[in-house]
Amino acid sequence: DIKIPIMSRGRSRAGADVILISTPISTRISSPISLLSPSVTAGTNTNGTWQYKLGTSGTYGNSVPTATNANSYTVYYKFVGDANHEDIAEDSFTVTIARKTVTITGLSASNKVYDGTTNATISGTAIVSGKVETDDVSVSAGTAAFDDANVGTGKSVTFSGYSLTGEKANNYTLSAQPTSVTADITAKPITITAVDKTITYGDAVPDYGYTITVGGLVNGDSLTNIN
């Protein structure tokens, strides 16, 4: 969508071709910057002046217009001839300031004791890596979960719902959710106490009984083969 004008020939008011002028050209900017003008090579001329404006509502002036935020901008230009040379009609080209890709770093997940869920507790401080240092861009927090609820070491933790916020957030694209995070789920300690039984010699041995006196089962878990 970038239009690069070709060489144009001016015309004297007397009607003869007398000057060669080059029109402005545009290039694509790959990341947000503070000025649009560095991406535009101003036209050269003799016998008149190049004038520019940004968008249809802009006002023509002699300087290449400026812009800050990621977007596509239409720059209009025209040549105003001097007293002896004709004007050249308005034309335009598009300059794009593309969103800058960033990542989120600085986050980890805490180890936990088995609780029957995949819920993970996030730790650390989220950092927007790759942003322009002075831009107001921060992280809007999401959630994290273990891949499954079972006990294990170095278990993968998946983040979701993280996004960018702040005045300059629209100038950036978040490449992915935080990645490469692992944590441990350790076994939950419990104490089982046998229930006292009294029988008379010769009677059948009753089923053993027990109670959990420390800790407890979670999430509908049950115990079997207690000996």
Side-chain angles (χ1 to χ4, degrees), residues 29-33 68-72 96-200 203-227:
I29 303 171
S30 61
S31 61
I33 60 172
T68 300
N69 295 319
N71 208 337
S72 291
T96 299
I97 301 178
R99 290 189 176 193
K100 193 175 193 297
T101 300
V102 295
T103 58
I104 296 174
T105 60
L107 295 178
S108 57
S110 301
N111 298 332
K112 74 170 187 176
V113 175
Y114 173 79
D115 63 2
T117 74
T118 60
N119 298 337
T121 299
I122 301 165
S123 56
T125 300
I127 298 171
V128 181
S129 179
K131 77 179 185 72
V132 176
E133 185 174 354
T134 57
D135 276 1
D136 175 18
V137 183
S138 56
V139 175
S140 178
T143 59
F146 288 91
D147 287 351
D148 61 58
N150 299 323
V151 169
T153 59
K155 297 176 68 70
S156 294
V157 177
T158 300
F159 288 73
S160 61
Y162 277 77
S163 60
L164 301 176
T165 187
E167 181 182 356
K168 296 292 186 179
N170 287 335
N171 290 326
Y172 296 91
T173 296
L174 182 61
S175 64
Q177 296 291 301
T179 57
S180 303
V181 176
T182 61
D184 302 339
I185 299 178
T186 57
K188 180 180 181 180
I190 61 172
T191 299
I192 296 175
T193 302
V195 176
D196 292 339
K197 296 284 186 176
T198 300
I199 64 173
T200 301
D203 291 346
V205 177
D207 292 336
Y208 293 106
Y210 66 88
T211 59
I212 299 175
T213 54
V214 177
L217 303 182
V218 296
N219 203 35
D221 288 351
S222 60
L223 298 176
T224 58
N225 299 322
I226 304 299
N227 295 309

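- No side-chain N or O of Ser138 forms a donor-acceptor pair with one of Thr165 less than 3.5 Å apart.
- Nearest heavy-atom pair, Ala120 versus Val157, reported as atom, atom and distance to 0.1 Å: CB-CG1, 4.0 Å.
- For residues 108-119, the pairs satisfying salt bridge (charged side-chain N to carboxylate O under 4.0 Å, His left out) are Lys112-Asp115, with sequence neighbours left out.
- At a threshold of 4.5 Å between non-hydrogen side-chain atoms, the residues Arg99 and Asn170 count as touching.
- Checked against salt bridge (Lys or Arg N to Asp or Glu O under 4.0 Å), Lys168 has no partners two or more places apart in sequence or in another chain.
- In summary, the side chains of Ser108 and Ser123 do present a donor paired with an acceptor at a separation below 3.5 Å, with no hydrogens or angles considered.
- Side chain of Ser175 to main chain of Val102: a donor-acceptor pair is present (N/O by atom type, distance under 3.5 Å, no hydrogens or angles).
- A search for ring-ring contact (aromatic ring centres under 6.0 Å, His included) contacts involving Phe159 returns Tyr162, not counting sequence neighbours.
- Among residue pairs with one or both ends in residues 101-151, none qualify as ring pair (Phe, Tyr, Trp, His ring centres under 6.0 Å); sequence neighbours excluded.
- Residues Leu107 and Thr125 share a closest heavy-atom pair of CD2-C, 3.9 Å.
- Nearest heavy atoms, Ile190 versus Leu217: CD1-CD2, 4.2 Å.
- Judged by distance alone, the side chains of Thr101 and Thr173 never bring a donor and an acceptor atom under 3.5 Å apart.
- Annotation for Asn171 and Ala70: closest pair OD1-N, 2.6 Å, computed over non-hydrogen atoms.
- To the nearest 0.5 Å, atoms OG1 (Thr68) and CD1 (Ile97) are separated by 7.0 Å.
- Taking Ser110 as the reference, nothing meets the side chain to side chain donor-acceptor pair (under 3.5 Å) condition, with sequence neighbours excluded.
- Here side-chain hydrogen bond (donor to acceptor under 3.5 Å, both in side chains) pairs that include residues 147-159, with residues two or more places apart or in two chains, are Asp147-Thr158, Asp148-Lys155.
- Heavy atoms only, all atoms of each residue included: Val181 and Ala109 are closest at CG1-N, 3.6 Å.
- Scanning both residues, Ser163 and Leu174, for their nearest heavy atoms gives CA-CD2, 4.2 Å.
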